[in-house]
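The next block holds one structure in the form of structure tokens; read it before the comments.
For reference, positions follow the sequence shown, starting with 1.
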Amino acid sequence: MTSGSPTADVKNADVPWDAFDPEEYIKRNYIAIQPVDREILSRVRDHFRDHFRGAADRVRTGIDVGAGPNLYPALAMLPWCDRITLLERSAANLGYLESQLPGYDANWDQFWDVLRERPEYADPGLDPRKRFAEAVGKPVAGSLFDLCGGDERWDLGTMFFVAESITASLQEFRDGVGCFLRSLNPGAPFAAAFMEHSEGYSVGAEKFPARDIDSAEVTRVLADYAEGVRIHRMANPKHLVRTGYTGMILACGRRKG
């Protein structure tokens with residue numbers, strides 16, 4: 001991030017997360033599925049499918065870290081685990097997530113349609129709204145950094161646009177990725193998405209910080225914790241959803257044993 005940015009020195013604890021406006025964020029990003037989200041979702045779907053192919057049973061637990069007002073990472077986990085933890089710090093985002101449990105809004109159907117292109121998601125016995133409510137139960141209030149101090153471990157994990165989008169600090173970014181991966185059991189598959197060279201972002205009237213990172217930094221920070229990692233960079237200028245970043249980075253892999 002450039003030194004002239006108003007959020008250049010902001011750390012996670014400095015940010016008014018409860019001022020995050022989920023409705024505004026959804027309106028801007030998820031009312032209609034973006035081509036880049038379609039690509040990310042397809043890659044995550046296939047990564048999980050390849051990992052669990054031939055498995056007799058679902059794993060016990062999955063976690064989406066910093067869920068925010070985005071359901072598609074959790075939807076991607078539905079066929080593969082019995083219980084999904086949606087971890088979120090913002091009270092406003094927790095309220096949104098809770099509102100989706102009786103039956104999520106219709107805009108998320110287009111994301112499920114992408115997942116249904118594979119038979120594991122198209123099973124007639126899988127009602128995604130019912131399964132989502134059963135698997136999630138109740139979103140959990142907490143920070144990404146809380147994971148480093150906890151004993152619970154999960155069998156499957158996602159973290160989308162979180163570690164680089166909650167701080168301007170490189171050390172906090174690295175610590176955050178480490179907290180996420182250390183929360184997973186050995187061998188657990190994961191998918192993590194990052195904004196490339198983000199300068200920060202606005203949601204309504206609020207400005208939020210970001211750490212400027214690239215594929216090399218993502219590869220570097222994953223090396224201590226992950227194996228079998230594949231990095232996908234998506235940077236078609238026509239598919240950028242706003243100004244102030246250059247693309248998206250998706251990392252799919254497994255927690256080291």
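- Under a 4.0 Å N-O distance rule, the pair E39/R45 does not qualify as a salt bridge.
- Judged purely by atom type and a 3.5 angstrom limit, N185 has no side-chain atom pairing as donor or acceptor with the backbone of A188.
- Using a distance-only test at 3.5 Å, with no hydrogens or angles considered, a donor-acceptor pair links the side chain of T167 to the main chain of S169.
- Under a 4.0 Å N-O distance rule, the pair D109/R129 qualifies as a salt bridge.
- I84 and C81 make their closest contact through CG1-SG, 3.6 Å (heavy atoms, listed as atom of the first residue, atom of the second, distance).
- Side-chain N or O atoms of H47 include none that pairs as donor or acceptor with a backbone N or O of P189 at under 3.5 Å.
- With 3.5 Å as the limit, one finds no donor-acceptor pair spanning the side chains of N29 and Q34.
- Residues N93 and E88 bring a donor and an acceptor atom of their side chains to less than 3.5 Å of each other.
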Where do F173 and F194 land on the side-chain contact (heavy atoms from CB on, under 4.5 Å) test, with the steps shown first? CA-CA 11 Å; F173 165 75; F194 307 90; 3.9 Å; yes
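- Of the possible polar contacts, none joining the D155 side chain to the G62 backbone as a donor-acceptor pair under 3.5 Å is found.
- Using modelled atom types, no side-chain atom of Y201 and backbone atom of T243 make a donor-acceptor pair closer than 3.5 Å.
- When every heavy atom of D18 is checked against every heavy atom of A92, the shortest pair comes out as O-CB, 3.9 Å.
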Identify each donor-acceptor pair in which a side-chain atom of residues 244-257 lies under 3.5 Å from a protein atom, sequence neighbours left out, and give them as a table.
{"residue": "Y245", "atom": "OH", "partner": "V241", "partner atom": "N", "Å": "2.7"}
{"residue": "T246", "atom": "OG1", "partner": "E196", "partner atom": "O", "Å": "3.3"}
{"residue": "T246", "atom": "OG1", "partner": "E196", "partner atom": "OE1", "Å": "2.4"}
{"residue": "R255", "atom": "NE", "partner": "L181", "partner atom": "O", "Å": "2.7"}
{"residue": "R255", "atom": "NH1", "partner": "Y225", "partner atom": "O", "Å": "3.2"}
{"residue": "K256", "atom": "NZ", "partner": "A223", "partner atom": "O", "Å": "2.8"}

In sequence, state the C-alpha distance, the side-chain angles, and the governing distance for R49 and E120, and then conclude on salt bridge (charged side-chain N to carboxylate O under 4.0 Å, His left out). CA-CA 8 Å; R49 180 177 184 247; E120 293 83 357; 2.8 Å; yes
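- With S183 contributing its side chain and F180 its backbone, the two residues share a donor-acceptor pair below 3.5 Å.
- Using a cutoff of 4.0 Å between basic side-chain nitrogens and carboxylate oxygens, R53 and D50 are scored as salt-bridged.
- The two residues Y121 and A76 have their closest heavy-atom pair at OH-O, 2.7 Å.
- With sequence neighbours left out, D46 forms a salt bridge (Lys or Arg N to Asp or Glu O under 4.0 Å) with R118.
- N12 places a side-chain N or O within donor-acceptor distance of the main-chain N or O of I166, the cut-off being under 3.5 Å.
- Taking the centre of each ring, W17 and F208 come in below the 6.0 Å mark.
- Criterion: ILVMFWY side-chain heavy atoms under 4.5 Å apart, direct or through other members. Under it, L94 and V136 are not part of a common hydrophobic cluster.
- Within the 4.5 Å cutoff, the side chain of L115 has heavy atoms near those of the L41 side chain.
- Aromatic pair W108/Y72: centroids not less than 6.0 angstrom apart.
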Would you sort out whether E217 and R211 count as a salt bridge (charged side-chain N to carboxylate O under 4.0 Å, His left out), showing the intermediate values? CA-CA 11 Å; E217 176 59 34; R211 175 63 206 182; over 6 Å; no
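- One N or O on the side chain of D21 and one on the backbone of E23 form a donor-acceptor pair closer than 3.5 Å.
- Side-chain atoms of D14 come within 3.5 Å of backbone atoms of K11 as a donor-acceptor pair (strictly under, hydrogens ignored).
- Taking every heavy atom of both residues into account, A135 and L78 meet most closely at CB-CD2, 4.4 Å.
- Looking at Q110, its side chain does come within 3.5 Å of a backbone N or O of I33 through a donor-acceptor pair.
- Here the closest heavy-atom approach between residue P79 and residue L126 is recorded as CG-CD2, 4.2 Å.
- W154 and T85 share a donor-acceptor pair across their side chains, judged by distance under 3.5 Å alone.
- Q100 contributes atom CD, which lies 5.5 Å from atom CG of L71 (distance to the nearest 0.5 angstrom).
- In this structure, CG in L147 is found 5.5 Å from CG in L87, a value given to the nearest 0.5 Å.
- The two residues T158 and P73 make their nearest non-hydrogen contact at OG1-CB, 3.6 Å.
- Side-chain contact between Y104 and L75 is present, with heavy atoms from C-beta onward closer than 4.5 Å.
- Residues V177 and L222 have side chains in contact (heavy-atom distance under 4.5 Å, counting atoms from C-beta outward).
- Using cut-offs of 30° and 60° on the angle between ring planes, the pair Y25 and Y30 is perpendicular.
- Between D82 and R58 there is a salt bridge, since a side-chain N of the basic residue sits under 4.0 Å from a carboxylate O of the acidic one.
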